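Encoded as structure tokens, the structure appears first; notes follow it.
Atoms within each ligand, like the ligands themselves, are counted from 1 in listed order. Owing to the predicted nature of the structure, the values given are computational and were not obtained by experimental measurement.
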Amino acid sequence: MKAQALPAVELTRVSKNFDAVQAVRELSLTIQKGELLTLLGPSGCGKTTLLNMIAGFDVPSGGSIVIDGRDVTAVPPYRRETGMVFQSYALFPHMNVFENVAFGLRMRKMAKLGIERAVGRALEMVKLEGFASRRVGQLSGGQQQRVALARAIVIGPKVLLLDEPLSALDKNLRRAMQLELRELHERTGLTTVFVTHDQEEALGLSDRIVVMSRGEIQQVAAPLELYRSPANGFVASFIGEINRLPPARCRIEGDEAVFEIAGHVVLRARRREKLTIAEGQETHLFVRPEHLTIATSKSSAQNKVSCRVTTHLYQGAYTLTRVDAGPLGNLQLRALGGEAIAAAPIGSQIEIDIDLDEAVILAG
Ligand SMILES: Nc1ncnc2c1ncn2[C@@H]1O[C@H](COP(=O)(O)OP(=O)(O)OP(=O)(O)O)[C@@H](O)[C@H]1O
Ligand SMILES: [Mg+2]
């Protein structure tokens, strides 16, 4: 029998107002046991506020919060069994690593031997064995981040809450810590709510992503689905790079959907079953840079568009090429390696193929 997904946290129409600011608006969301769920959205969209309400540091203006079947809306933070890592780490600078991690256990009046065992295990989990007697001031940013993580997991929380825990780290360390966090999650199976405004980090780490904007949920989905089938223009533009074409008129011709853009550019896509667009309705097309390619003399693609190359941005594994496609505006292409730089010099006139079968098509 397949295990039923069980709710770890249930938010029902949760709101938070700070005077005139509605930071979170009647937001409902169920977080399943054992999943790593990411809150993703631009600065000020309410991510921290939502996390603080789950932890109990902010009291909702409306709605209810249930953790593990218990309504905790009015329960103080230290009775909620949540572990939190703050963006600033918020470690105690005058204490050593052991004491920082042990803090929550002492507050819970755990016996000395139990504390030593639990702290040892937590430090092992975050790969800080041998650092117990170091002062936190003598640690690097990455090590301090691990101490904060150990301090949050040592109490055996029902939910682990992480508010942009990697944002202070440089890029390489950040990548390494993303992998470690994911591995830690696989090992512990802890229900985790992770906050970030970095979409790549969200795509890489999460079981599911909640995209937020202005205190509201725009879409909840697994990373792959979010990338391939964004629910609206906001999500399409926020997740990954994407080209937004000018508004199009759509008509159906046999097995094809035909889009007319800017009066005379005609692009074609395979007809989709799910596409429910009325004849002649205004539609919006979003195309990922990896679905645009430089046309070769051999290619027979139906969506050939001529354009002028304006820039190349070489990234090692791939190159981003920007072109001026006249009535279609400026577009970006992504091609593996760096061959595009010589094949399509800046200023040259080229033809590109637009693969609309992979495009996001939204009704206007
Ligand atoms: N204590 C507060 N008093 C007044 N307004 C607040 C308070 N905390 C948050 N806000 C406002 O609520 C909104 C949401 O803030 P929040 O910190 O939750 O955003 P965020 O998504 O975490 O942003 P960031 O990515 O910048 O951390 C913002 O408009 C913010 O200015
Ligand atoms: Mg925040």
Side-chain angles (χ1 to χ4, degrees), residues 9-29 31 36-65 67 72-74 76-78 80 82-91 141 144-145 148-149 151-152 157 159-171 173-175 177-178 181 191-206 208-221 223 226 230-240:
V9 181
E10 295 160 274
L11 305 171
T12 309
R13 305 187 64 158
V14 172
S15 296
K16 180 66 187 180
N17 305 328
F18 296 106
D19 301 323
V21 180
Q22 282 189 289
V24 174
R25 304 174 194 222
E26 300 208 2
L27 185 149
S28 296
L29 173 70
I31 302 163
L36 195 164
L37 181 114
T38 294
L39 305 179
L40 174 68
S43 188
C45 73
K47 305 180 295 293
T48 296
T49 305
L50 191 58
L51 212 61
N52 281 341
M53 286 195 285
I54 298 173
F57 300 125
D58 271 338
V59 179
S61 314
S64 71
I65 299 175
I67 296 180
V72 296
T73 317
Y78 60 92
R80 289 197 182 191
T82 55
M84 180 128 169
V85 173
F86 301 89
Q87 181 172 344
S88 56
Y89 310 150
L91 297 172
Q144 291 188 24
Q145 200 274 334
L149 201 55
R151 189 176 63 178
V159 191
L160 182 60
L161 305 167
L162 308 174
D163 193 358
E164 310 224 20
L166 309 182
S167 62
L169 309 180
D170 68 53
K171 200 171 173 196
L173 187 54
R174 188 172 178 149
R175 249 312 132 78
M177 280 307 295
Q178 286 169 4
L181 263 185
T191 307
T192 304
V193 185
F194 183 90
V195 167
T196 184
H197 59 255
D198 177 339
Q199 40 96 7
E200 266 183 35
E201 186 163 282
L203 287 174
L205 265 179
S206 323
R208 287 195 303 160
I209 299 172
V210 177
V211 182
M212 292 176 63
S213 160
R214 298 182 187 183
E216 291 176 323
I217 292 179
Q218 296 293 320
Q219 188 172 6
V220 186
L226 206 61
N232 55 43
F234 177 83
V235 179
S237 309
F238 197 71
I239 307 292

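In terms of modelled atom types and a separation under 3.5 Å, the side chain of Ser206 and the main chain of Leu36 share no donor-acceptor contact. No side-chain donor-acceptor contact under 3.5 Å links Thr38 to the backbone of Leu40. Using modelled atom types, one side-chain atom of Lys47 and one backbone atom of Gly41 make a donor-acceptor pair closer than 3.5 Å.
Nearest heavy atom pair, residue Pro157 against residue Thr82, reads CB-C, 3.9 Å. Between Arg80 and Ile54, the shortest heavy-atom contact is NH1-O, 3.0 Å.
Thr48 and Asp163 form a side-chain donor-acceptor contact under 3.5 Å, judged by distance and modelled atom types alone.
Salt-bridge annotation for Arg175 and Glu200: present, with a side-chain N of the basic residue lying under 4.0 Å from a carboxylate O of the acidic one.
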May I have the N/O to N/O pairs between ligand 1 and the protein that fall below 3.5 Å, each with atom names and distance to one decimal?
residue  : atom   : partner : partner atom : Å
ligand 1 : 18 (O) : Thr49   : N            : 2.9
ligand 1 : 18 (O) : Thr49   : OG1          : 2.5
ligand 1 : 19 (O) : Gly46   : N            : 3.4
ligand 1 : 21 (O) : Cys45   : N            : 3.2
ligand 1 : 21 (O) : Gly46   : N            : 3.0
ligand 1 : 21 (O) : Lys47   : N            : 2.9
ligand 1 : 21 (O) : Lys47   : NZ           : 2.9
ligand 1 : 22 (O) : Thr48   : N            : 2.9
ligand 1 : 22 (O) : Thr48   : OG1          : 2.8
ligand 1 : 23 (O) : Gly44   : N            : 2.7
ligand 1 : 25 (O) : Lys47   : NZ           : 2.8
ligand 1 : 26 (O) : Ser43   : OG           : 2.5

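Open room surrounds CZ on Arg214; 12 or fewer heavy atoms of other groups in view lie less than 6.0 Å from it.
Annotation: protein N, O or S atoms under 2.8 Å of the Mg ion (ligand 2) (waters excluded) comprise Thr48 OG1.
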Criterion side-chain contact (heavy atoms from CB on, under 4.5 Å) on Val193 and Val9, from CA distance to verdict: CA-CA 10 Å; Val193 185; Val9 181; 5.6 Å; no

